[in-house]
Amino acid sequence: MTSGTDPSTGDVAAWQRQMAALAFDSAAATGGEQQEFVALASSLLQAMPHQLGQAFGRSASRDIGPLLEAGAPTEAVLALLDGWAGYMLSCGPGGRPMATVVVEAMGGEASAEGATPALALLGALAALLAGDALDADCAAQVDWRSNGARLN
C-alpha cells in the first residue's frame, strides 16, 4: 500500500529551501558577489520543478551568460524576470536598493533589499518563490539582520 503522496513534492520542497537560502544570502551579500549570485539564481531557475514552472507560467530561461560577461548583472536579472514576473526598484532606508517582485500567477509579491539592484531583485524573487520554506529557513538564519538587510 502506498502513502498516496506525490514523490515530486519532495523535489519542490528541496528547491524552495534552496530559494529561501538564496533570498537570505542575497540580502546579506556584497556588491562584489552579485555576479556569482545571479549565475546561481539562473541555475536554480533552470532547475525549477516542472509543476512550479507550469503553475507560474514561466518558460525556459534565457541565456544570461553574455550579460554577465559584459558586467551587466542587473540586466541579467531583468532578463530572468522577463515575461513572467513584474518588478519595481526603489531606494530603501539608508540608500540601499530595494526591489519588489510580483508573479501574477502566484497572486503574491515579495520585497527585499540588497547591496545592489541585482541583489535586491534576486532576494525578492527568491523570497517569493521560496514559499513556506522562507519561514522555515528564517528560524535557521544567524545574524542575517545584523547588517540591516531586510526581506519583506
K.L.:
Answer yes or no: is there a donor N or O on one side and an acceptor on the other, between the side chain of W15 and the main chain of L44, under 3.5 Å?
P.N.:
yes
K.L.:
Minimum heavy-atom separation for A124 to A112, with atom names?
P.N.:
N-CB, 3.4 Å
K.L.:
Any heavy-atom pair between the side chains of L125 and Y87 that's under 4.5 Å?
P.N.:
no
K.L.:
Spell out, yes or no, whether L22 and L78 are grouped together once hydrophobic residues are joined by side-chain heavy atoms under 4.5 Å, including indirect joins.
P.N.:
yes
K.L.:
Any heavy-atom pair between the side chains of M98 and S111 that's under 4.5 Å?
P.N.:
yes
K.L.:
Let's go through E109 and T100 carefully: what are the C-alpha distance in whole Å and the side-chain angles of both, what is the deciding distance for side chain to side chain donor-acceptor pair (under 3.5 Å) to 0.1 Å, and is it a yes or a no?
P.N.:
CA-CA 7 Å; E109 66 181 44; T100 299; 5.4 Å; no
K.L.:
Check whether any side-chain heavy atom of V38 lies under 4.5 Å from a side-chain heavy atom of L119, and answer yes or no.
P.N.:
no
K.L.:
Can you find a pair of side-chain heavy atoms, one from T74 and one from T116, that are under 4.5 Å apart?
P.N.:
no
K.L.:
Looking only at non-hydrogen atoms, find the nearest pair between A23 and G123 and report the distance.
P.N.:
CB-O, 3.8 Å
K.L.:
Any idea which heavy atoms bring A120 and G114 closest together, and the distance?
P.N.:
CB-N, 3.7 Å
K.L.:
Counting only N and O atoms by type, is there a donor-acceptor contact under 3.5 Å from the side chain of Q35 to the main-chain atoms of G71?
P.N.:
no
K.L.:
Closer than 3.5 angstrom, by distance alone: can the side chain of Q16 be matched with the main-chain N or O of L129 as a donor-acceptor pair?
P.N.:
yes
K.L.:
Mind checking whether L45 and V103 sit in one hydrophobic cluster, side chains of I, L, V, M, F, W, Y counted as touching below 4.5 Å?
P.N.:
yes
K.L.:
Got V12 and Q51 here, is their nearest side-chain heavy-atom distance under 4.5 Å?
P.N.:
yes
K.L.:
Using the rule that two of Ile, Leu, Val, Met, Phe, Trp, Tyr join whenever any of their side-chain heavy atoms come within less than 4.5 Å, decide whether L40 and V101 are in one cluster.
P.N.:
yes
K.L.:
Quick check: is F37 connected to L68 through a chain of hydrophobic side chains (ILVMFWY, heavy atoms under 4.5 Å apart)?
P.N.:
yes
K.L.:
Just verifying a value: how many Å separate S26 OG and E113 CD, rounded to the nearest 0.5 Å?
P.N.:
13.0 Å
K.L.:
Pick from V77, L89, L122: which one makes a side-chain contact (heavy atoms from CB on, under 4.5 Å) with P117?
P.N.:
L89
K.L.:
Would you name the heavy atoms of R96 and A115 that are closest together and state the gap between them?
P.N.:
NH2-N, 3.7 Å
K.L.:
Working to the nearest 0.5 Å, report the span between CD of Q34 and CG of L121.
P.N.:
11.0 Å
K.L.:
I'd like to know if the side chain of E36 and the backbone of E33 have a donor-acceptor N/O pair within less than 3.5 Å.
P.N.:
no
K.L.:
In terms of hydrophobic clusters joined by side-chain contacts under 4.5 Å, are W84 and L80 together?
P.N.:
yes
